[in-house]
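Some notes on the structure that comes next.
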Protein chains: 2
Amino acid sequence: MGVTIKDVAREAKVSVASVSRALNGQAGVTAETLGRIREVAARLRYVPDNAARSLITRRTHTIGALLPDLFGEFFSELIRGIDLAARARGLHLLVSSSHDDADEAAAALRAMQGRVDGLLVMSPHADADFLRQNLPQGLPTVLMNTVLDSDAHAALSVDNYGGACLLVRHLIERGYRQVAFIQGPPKNRDVAERELAYRETLAEHAPGQAPIVLPGDFNEISGYRAGQQLLAMQPRPDAVFAANDMMAIGCIAAIREAGLRIPEDIAVAGFDDVPMARYVTPALTTVRVRIAELGKTALEQLIVQIEHTDTPPRAHQRVKAELVIRASSDSQWQGNDMRFAATQD
Amino acid sequence: MGVTIKDVAREAKVSVASVSRALNGQAGVTAETLGRIREVAARLRYVPDNAARSLITRRTHTIGALLPDLFGEFFSELIRGIDLAARARGLHLLVSSSHDDADEAAAALRAMQGRVDGLLVMSPHADADFLRQNLPQGLPTVLMNTVLDSDAHAALSVDNYGGACLLVRHLIERGYRQVAFIQGPPKNRDVAERELAYRETLAEHAPGQAPIVLPGDFNEISGYRAGQQLLAMQPRPDAVFAANDMMAIGCIAAIREAGLRIPEDIAVAGFDDVPMARYVTPALTTVRVRIAELGKTALEQLIVQIEHTDTPPRAHQRVKAELVIRASSDSQWQGNDMRFAATQD
DNA sequence: AAACTTGATGAAAACGATTACGTTCCGCGT
DNA sequence: ACGCGGAACGTAATCGTTTTCATCAAGTTT
């Protein structure tokens, strides 16, 4: 093991208490001794042992993130947002992802105990029972995009409903009437909200138009298959709203393969605005979710909880979503990839 | 604080030593007492405190990853690979990224002290001096894609040279002669190796053909600008090799905007094979780097070091790169996005 | 039956920090 | 001269584990 506080104390000819005080900037230490201690600490390359420190202070200065799977651009952005916000506050980030089943997620959660000051949870397994069973009580937690509206924990999610409404209304305004919807994984809350918005907006703005709903699983392949089904329908829908961008991209591939034009014959739209969306041909109309901001907001809410353990968490916050119109629903679109990228934050 | 080992001991009417032995699966405890202890521990929801444990065992079961910036698909994949491999070994992952300057990176490195059992470092600031100053000696470390060939630390990088050779040779075999190269950020080792391969392969297989090199910075915008420069040249190059995929995509945008055909008028190729590469139009020829595998290999090498602190690290390992031919350099290309995606690992 | 092994268990010492509580010492007011 | 207050610093308890070593009972060998 390296150099400990005792070594510094001996070398500076003071007690460990003084070293601790000096290095933590507490009062009760002369300018002279402080200087000497600092000098010795620097010379010896002393770094306090985090384990020992957090054993007594009960603080780890680390927050944990429990995520479903790191695959894809969505999580890349999410982690980035969280990491950035955490760094700004001097916190560390412990990530844990890719849990195949609830048991694995539970084990991961348990392993976080005593390692983190707070928890960011985004997991398909995180239903009410799971959380009650496995969440260490007393540990500040923020739930993200989970299936339940827990009043025991703070929660944060994307405004799926609002975003999807904007999108469907846009399609109808452009003259598309027979708008189909491609679903995501079952029991996914985001998908459910997007679908509800689709159905209600359709009913309101295109009355008499029956909803057309196809299954999907968030992967591009399922979007491709849905696209093929769609093309075989009589009458053929003239627009598709996929529950996420990857499926929309798959759908575009199917439609172009069949020789139809987008958006003249069929319009296509997605959800998320992954970076890829503006590079596919035609560029994809979608709903932009400020993913990094979602992560940042979640972390900030968590910090509030950590610092004010007493105050109850704010019930449920929403991150707004905005419509991004591109060529896949608008033949007039003149967007230039590069100009767009340059103005991105 | 929650329930401690003492609570369990009292409730099970044994000493804390027995509880520790029982729960850690050590010998020297009757089946009967073991059962009782297990039962009590489960009932009380006992979870050992990690800080206390690692204070005495000197193990954190956590590895740290120091990364430059989480932006983009590359790091998403890299973290995913590391996380997967770590999880398989019961290790946790502490990530730290986005360090604007060397001081910040140094602080991050210091903060890792005592928090991790080993370190994965991929940082532009990680030169020899920086490492000597800030790397806690004795802490197992694996360097990834760094500028130096340190013999003090294990290192791991992508076979940039081999991959780029394959790519340039492919272009020349397809009949392209005036192949241009778009550089990445200066002082980036990966870029330097790719450029060297470009120059040497060109000299060998297309003797007399002078290299054409344009600046870039890994962003799509710089690729776009390079594309415009390229189009203004006399004579106009008939192929471009961009040092990464994002620049290649920007370059494609510039070429298509000018109304030229790819690959008939100009061929385009990149490096990395980011997921997006197969969805742009035309689909991008590139060199596939198994990024997740890179992360996994790095982690495994780190584990070897952790478990055998005595044996010196293996000098320098390479992760191989493979050529992926798509429409941007091959008009015959019949690839189907969906089929490809389905067979992806 | 005494001595000796064996295996289960408990008491207590680590680990490296923070911090409550004493102690010392100096200066000041009376 | 004496007491008193407060600043500077040291002693030791503490956090929750693991682990060494001693203890003790029961069985085995002679």
Side-chain angles (χ1 to χ4, degrees), chain A residues 1-38 40-41 44-62 110-117 136 138-139, chain B residues 1-38 40-41 44-62 110-117 136 138-139:
Chain A
M1 171 69 199
V3 31
T4 78
I5 198 173
K6 283 184 186 171
D7 300 323
V8 178
R10 186 173 350 98
E11 189 79 7
K13 303 193 193 310
V14 290
S15 73
V16 293
S18 293
V19 177
S20 177
R21 276 189 285 258
L23 265 29
N24 290 332
Q26 292 190 21
V29 48
T30 334
E32 190 207 325
T33 42
L34 184 129
R36 196 171 65 242
I37 291 174
R38 281 229 183 98
V40 172
L44 263 49
R45 294 254 174 81
Y46 167 67
V47 179
D49 184 286
N50 290 296
R53 178 183 285 200
S54 61
L55 176 59
I56 183 90
T57 60
R58 312 271 67 192
R59 276 295 174 94
T60 62
H61 295 284
T62 301
R110 241 172 301 133
M112 292 268 187
Q113 187 107 316
R115 256 184 238 278
V116 298
D117 293 340
L139 191 63
Chain B
M1 169 71 198
V3 31
T4 77
I5 198 173
K6 284 185 185 170
D7 301 322
V8 178
R10 188 174 347 101
E11 188 79 8
K13 302 191 195 312
V14 291
S15 72
V16 294
S18 293
V19 177
S20 177
R21 276 189 286 258
L23 264 29
N24 290 331
Q26 291 191 22
V29 48
T30 335
E32 190 205 327
T33 41
L34 184 131
R36 197 170 66 243
I37 290 172
R38 281 229 183 97
V40 172
L44 264 46
R45 293 254 174 79
Y46 168 67
V47 179
D49 183 287
N50 288 296
R53 179 182 287 200
S54 61
L55 176 59
I56 185 88
T57 59
R58 312 269 71 192
R59 277 295 175 94
T60 62
H61 296 284
T62 301
R110 242 173 299 133
M112 292 267 187
Q113 185 109 312
R115 258 183 236 279
V116 299
D117 294 339
L139 191 62

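First the proteins, then the strands, lettered A, B, ... as listed; each starts at 1.
Taking atom CG of B:Leu55 as the reference point, atom P of C:dA14 lies 14 Å away to the nearest angstrom. D:dA7 atom C1' lies 15 Å from atom CG of A:Leu34, rounded to whole Å. Rounded to a whole Å, the CG atom of A:Asp49 is 17 Å from the P atom of D:dT17. As a whole-Å value, the separation of A:Leu23 CG from C:dT19 C1' is 15 Å. The distance between atom CZ of A:Arg58 and atom C1' of D:dG16, rounded to the nearest whole Å, is 7 Å. Rounded to a whole Å, the NZ atom of B:Lys6 is 9 Å from the P atom of D:dT17. Following rounding to the nearest Å, B:Asn24 (CG) and D:dG16 (P) show an atom-to-atom distance of 17 Å. Rounded to whole Å, the distance from CZ on B:Arg21 to C1' on D:dT17 is 13 Å.
Among the nucleotides D:dG16, C:dT19, C:dA12, the one closest to the side chain of B:Ala17 is C:dA12. Listed nucleotides: C:dT9, C:dT18, D:dC9. Nearest to the side chain of A:Thr33: D:dC9. Among the nucleotides C:dT9, D:dT19, C:dG16, the one closest to the side chain of B:Ser20 is D:dT19. Here D:dC9 is the nucleotide among D:dT18, C:dG16, D:dC9 with the atom lying nearest to any side-chain atom of A:Val29.
At a threshold of 4.5 Å between non-hydrogen side-chain atoms, the residues B:Asp49 and B:Thr4 do not count as touching. B:Thr62 places none of its side-chain heavy atoms less than 4.5 Å from the side chain of B:Arg115. By the 4.5 Å heavy-atom criterion applied to side chains, B:Arg53 and B:Asn24 are counted as neighbours.
The side chain of A:Asn50 contributes no N or O atom lying less than 4.0 Å from OP1 or OP2 of C:dA17. For C:dT18, the OP1/OP2 oxygens have a side-chain nitrogen or oxygen of A:Arg53 closer than 4.0 Å. One finds a side-chain N or O of A:Ser18 lying less than 4.0 angstrom from the OP1 or OP2 phosphate oxygen of D:dG10. Considering only side-chain N and O atoms, B:Ser15 lies under 4.0 angstrom from the phosphate OP1 or OP2 of C:dG10. Between D:dT18 and B:Gln26, no contact under 4.0 Å exists linking OP1 or OP2 to a side-chain N or O.
Nearest-nucleotide assignment on DNA chain C puts the 5′-proximal partner with B:Val14, out of B:Ala52 and B:Val14. Where B:Thr30 and B:Ile56 each meet DNA chain C at their nearest nucleotide, the meeting point lying more 5' is that of B:Thr30.
Note on B:Arg45 versus B:Asp7: no salt bridge recorded, every NZ/NE/NH1/NH2 to OD/OE distance being 4.0 Å or above.
The environment of B:Arg36 atom CZ is dense: over 12 non-hydrogen atoms of other residues, nucleotides or ligands sit within 6.0 angstrom.
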